[in-house]
Amino acid sequence: MAFDIEMIKQVYASMSERVDAARKITGKPLTLAEKILYSHLWDVTPEKAYVRGKDYVDFAPDRIALQDATAQMALLQFMQAGKSKVAVPTTTHCDHLIQAKNGASSDLQTALNTSNEVFNFLESVSNKYGLGFWKPGAGIIHQVVLENYAFPGGMMIGTDSHTVNAGGLGMVAIGVGGADAVDVMAGMAWELKFPKLIGVKLTGKLSGWTAPKDVILKVAGIVSAKGGTGAIVEYFGPGATSMSCTGKGTICNMGAEIGATTSTFGYDESMERYLRATDRSDVADEANKVKEYLTGDAEVYANPEQYFDEVIEIDLSELGPLLNGPFTPDLSTKAGSDMTEIANKNSWPLKVEWGLIGSCTNSSYEDLSRASSIAQQAIDKGLGIKAKFGINPGSEKVRYTTERDGILETFKALGATIFTNACGPCIGQWARYEDPKNAPKNSIIHSFNRNFAKRADGNPNTHAFVASPELVAAVTIAGRLDFNPMKDKLINKNGEEVMLDEPTGWELPPKGFEVKDDGYLAPEEDGSGVLIKVNETSDRLQLLDPFTPIGSDISGAKLLIKAHGKCTTDHISMAGPWLRYRGHLDNISNNCLIGAVNAFGMKTNFVKNQLTDEFGGVPDTARAYKAAGVKSIVVGDHNYGEGSSREHAAMEPRHLGVVAVLVKSFARIHETNLKKQGMLGLTFDNEADYDLIQEDDTFNFIDLNEFAPGKPLTIEAVHADGTKDLIIANHTYNQGQIEWYNEGSALNLIKKQNA
């Protein structure tokens, strides 16, 4: 039986009425995304047709998911909200704080030894406030959510950008910062700009070496890393219904890499099969009663150009295996000779040192079974592996079942290391090098979602390429990045030429899923007696002090850094070893913007302190300004803050005295996080003004006292020689968000309203 089945029944009971009302008020057929959005309005009944990409709308999500790295700050904030229990079903998942090094058992014990303080804190807060708790080793948040909580037609938010994975089960699932989650946990509405809609029509059928992963790798190559910003991507067509539910999840998961608000698929038989296989026949039965409301209207899919803002069509029969990378998830190359040519041209190492399968993107039973069929072939045909091999199962349910069915044993027989059911290398939790900063140039291939520089192992010289689990297995066996399993032969241990056959596998385990202990702990019905202790001397956890309002007088603000080129949340607030400080704002602020490239000098973590004319690290310089009572600002390029939902990337600069971030364009989640923390997130009206910013600039905000929706702000940039430039800065703040700014943060406003 499903968790929260009564809540799901309530969603379905009201869906037809709400969707019918939305059809009437919009005067047109609806996409699936629109059906879910309109049926989850905070005010229940739509009063107008919302304008995509313009109108801010209040929603009522059905549930929330938190992962341990972001849950710390989210729950520290919730503790200040004055509530005794979360208002909607919420879960905490311990999957980020487990480092991959020696193997599952050893690595999990090390994590328990080193992070027990944090795990105990999260468990006690969850127990006190009514959150379900998934223990370390239980699995990766998004795989666990897909197996237990996701349901067609639902809306959820999660404090991780890959919350979008649940779109594989027909949800609108959106990654947010912790402050957004706190709003909903506290019983308030969740605000989102009504998204634009991108339709992806899939025709044909996947076969051979082509996998669902290749669909999103292709889409990323078409759309780019920022092309989906502010949009929901909706997949439809015969190619969509022919894919498995977990395959759909893979595609939705990596939608985060094109900046999409989320991605989703309409309810179909593959979703029903998955629900029943994961002991949720009750959800499938309820979904079947309203299934016409759980997919887009037929007229929409027949004439998509009339109903979507953009339409992409992909023939799956013509799609082949792809590799995306390095250093960005949208640089797409066909397997084989195309890679040979491009790699040689760009001096990418063709020798592969590691192949990694897992992460929230590709760690399902189907993924592991298909990849293991390649591993079994290598054993049968006398082949070994030319690169090291690592596997992260997605959940304890997947791990236990694949072990029972011999899949993990096949990987082990080929020499693979089975890591813990956790994120591991995907998020930088990989103890690959003693000194990663000075590690050699090399290439790795993985089935993860992100491949920014230093993302997996901290080595800026690691060229990471993203591919399907099947192709990762084949390339790991061959040891070459440009291996094409459809054409290339390998020499086995007997000196014979052999070829790998097409992968095979199971959509779902033939003998069903099985697990002894899934790692779930239910909260107490009444948590009022649960005590939460935070040691004042802890370097891992720190109770929060409210941010004070910045105010309408910003003058004499100094430039902290002018970030050059790509500046993701990994550049602003690195993961890896810094994950240990995610519950301690002051300590983790020591990584603030240390990965950003300073446009002056083109170095990282090396900026000018205008008070001393000396150069130093970004956090040190920011602290010096703050100690002197001097405000500072950050300037950035396009798609600033792409990547993770981590709100630390907004909280750290706020903590260190940064009052505004002025960029060419923002990634959606990061812009919202800045607003939530009471900062100014601004964009150049004229992008060329970025070039006017000089290293010794001081900034005066001329008309901040007139801060209002739709009204640009004027900033005076005063240069060292006394000359000045006026910069017009746009913003997307509505009146409610301006109130966040005026109060110092959204949380401050919640506390004020609750009081």
Side-chain angles (χ1 to χ4, degrees), residues 428 435-439 452-454 458-461 539 542 547 550 554-582 584-637 640-641 646 648-663 670 674 677 679-680 690-700 717-721:
D435 182 14
K437 292 181 180 179
N438 296 305
F452 305 140
K454 299 188 280 188
N459 178 7
N461 299 310
D539 69 348
Q542 179 188 47
F547 288 132
I550 292 169
I554 298 178
S555 58
K558 301 296 185 182
L559 176 70
L560 178 60
I561 186 173
K562 178 180 175 180
H564 170 79
K566 184 184 284 286
C567 189
T568 72
T569 49
D570 281 81
H571 295 89
I572 304 168
S573 175
M574 289 183 179
W578 290 95
L579 284 171
R580 66 181 284 106
Y581 300 119
R582 284 283 180 86
H584 196 295
L585 181 55
D586 192 56
N587 281 348
I588 199 168
S589 292
N590 289 323
N591 80 0
C592 183
L593 284 156
I594 63 175
V597 176
N598 185 9
F600 306 106
M602 300 303 289
K603 295 181 179 179
T604 59
N605 203 29
F606 195 72
V607 296
K608 186 174 184 179
N609 181 335
Q610 294 186 46
L611 303 180
T612 63
D613 287 336
E614 296 177 350
F615 287 82
V618 181
D620 296 332
T621 305
R623 290 184 189 276
Y625 287 149
K626 182 180 179 180
V630 175
K631 297 178 174 70
S632 59
I633 80 165
V634 170
V635 173
D637 212 318
Y640 183 89
R646 66 192 68 149
H648 301 77
M651 295 185 77
E652 291 174 32
R654 177 74 161 103
H655 176 66
L656 296 180
V658 174
V659 295
V661 179
L662 175 62
V663 300
H670 187 64
L674 292 171
Q677 301 305 330
M679 297 175 68
L680 293 173
Y690 171 90
D691 299 321
L692 298 176
I693 307 301
Q694 299 176 23
E695 190 170 28
D696 293 294
D697 280 355
T698 298
F699 300 90
N700 303 313
V718 183
H719 308 305
D721 61 3

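Proximity of a side-chain donor or acceptor of K608 to a complementary backbone N or O of E695 within less than 3.5 Å is not detected. Distance alone, capped at 3.5 Å, places no donor-acceptor pair between the Q677 side chain and the A650 backbone. Formation of a donor-acceptor pair under 3.5 Å by the K558 side chain with backbone atoms of F699 is not found in this model. Between the side chain of N609 and the main chain of T621, no donor-acceptor pair closer than 3.5 Å is present. R646 places a side-chain N or O within donor-acceptor distance of the main-chain N or O of S573, the cut-off being under 3.5 Å. With hydrogens and angles ignored, the 3.5 Å screen pairs no side-chain donor or acceptor of H584 with any backbone N or O of Y581. Using modelled atom types, one side-chain atom of N605 and one backbone atom of V618 make a donor-acceptor pair closer than 3.5 Å. Here the side chain of D697 pairs a donor or acceptor atom with the backbone of Q694 at under 3.5 angstrom.
Under the 4.5 Å side-chain criterion, counting only non-hydrogen atoms from C-beta, V634 is not in contact with L662. Side-chain contact between V635 and Y690: present, with at least one pair of heavy atoms (C-beta onward) separated by less than 4.5 Å. By the 4.5 Å heavy-atom criterion applied to side chains, I561 and F606 are not counted as neighbours. E652 has its side chain out of reach of V658: every pair of non-hydrogen atoms, C-beta onward, lies at least 4.5 Å apart. For the pair I588 and R582, the minimum side-chain heavy-atom distance is below 4.5 Å. By the 4.5 Å heavy-atom criterion applied to side chains, N591 and P619 are not counted as neighbours. Looking at heavy atoms from C-beta onward, V661 lies out of side-chain contact with L680 at the 4.5 angstrom threshold.
The two residues A720 and D696 have their closest heavy-atom pair at CB-CB, 3.8 Å. Nearest heavy atoms, P460 versus G458: CD-O, 3.4 Å. Of all heavy-atom pairs spanning I572 and C567, the tightest one is CG1-SG, 3.8 Å. In terms of heavy-atom proximity, Y625 sits nearest to Q610 at OH-N, 2.9 Å. Across every non-hydrogen atom of L585 and S589, the tightest pair is O-OG, 2.7 Å. Taking each heavy atom of W578 and N587 in turn, the nearest pair found is CZ3-O, 3.8 Å.
Using modelled atom types, one finds a donor on one side chain and an acceptor on the other under 3.5 Å when comparing H655 with D586.
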Would K566 and D637 count as a salt bridge (Lys or Arg N to Asp or Glu O under 4.0 Å) if you check the C-alpha gap in whole Å, the side-chain angles of each, and the deciding distance to 0.1 Å? CA-CA 7 Å; K566 184 184 284 286; D637 212 318; over 6 Å; no
Show your reasoning for whether side chain to side chain donor-acceptor pair (under 3.5 Å) applies to N590 and R623. CA-CA 10 Å; N590 289 323; R623 290 184 189 276; 3.0 Å; yes
Do R580 and D539 pass the side-chain contact (heavy atoms from CB on, under 4.5 Å) test, and can you show the C-alpha distance, the side-chain angles, and the key distance before you say yes or no? CA-CA 9 Å; R580 66 181 284 106; D539 69 348; 4.0 Å; yes
Walk me through whether K454 and K437 qualify under side-chain contact (heavy atoms from CB on, under 4.5 Å). CA-CA 9 Å; K454 299 188 280 188; K437 292 181 180 179; over 6 Å; no
Under the criterion side-chain contact (heavy atoms from CB on, under 4.5 Å), I'd like the reasoning laid out for N700 against I554: C-alpha separation, chi angles, the key distance, then a yes or no. CA-CA 6 Å; N700 303 313; I554 298 178; over 6 Å; no
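Within a 6.0 Å sphere centred on NE2 of H719, other residues, nucleotides and ligands contribute more than 12 heavy atoms.
Atom OG1 of T604 and atom CD1 of I594 lie 8.0 Å apart (nearest 0.5 Å).
The aromatic rings of F452 and H571 lie tilted to each other, with the angle between the two planes from 30° to 60°.
For H648, there are no ring pair (Phe, Tyr, Trp, His ring centres under 6.0 Å) partners two or more places apart in sequence or in a different chain.
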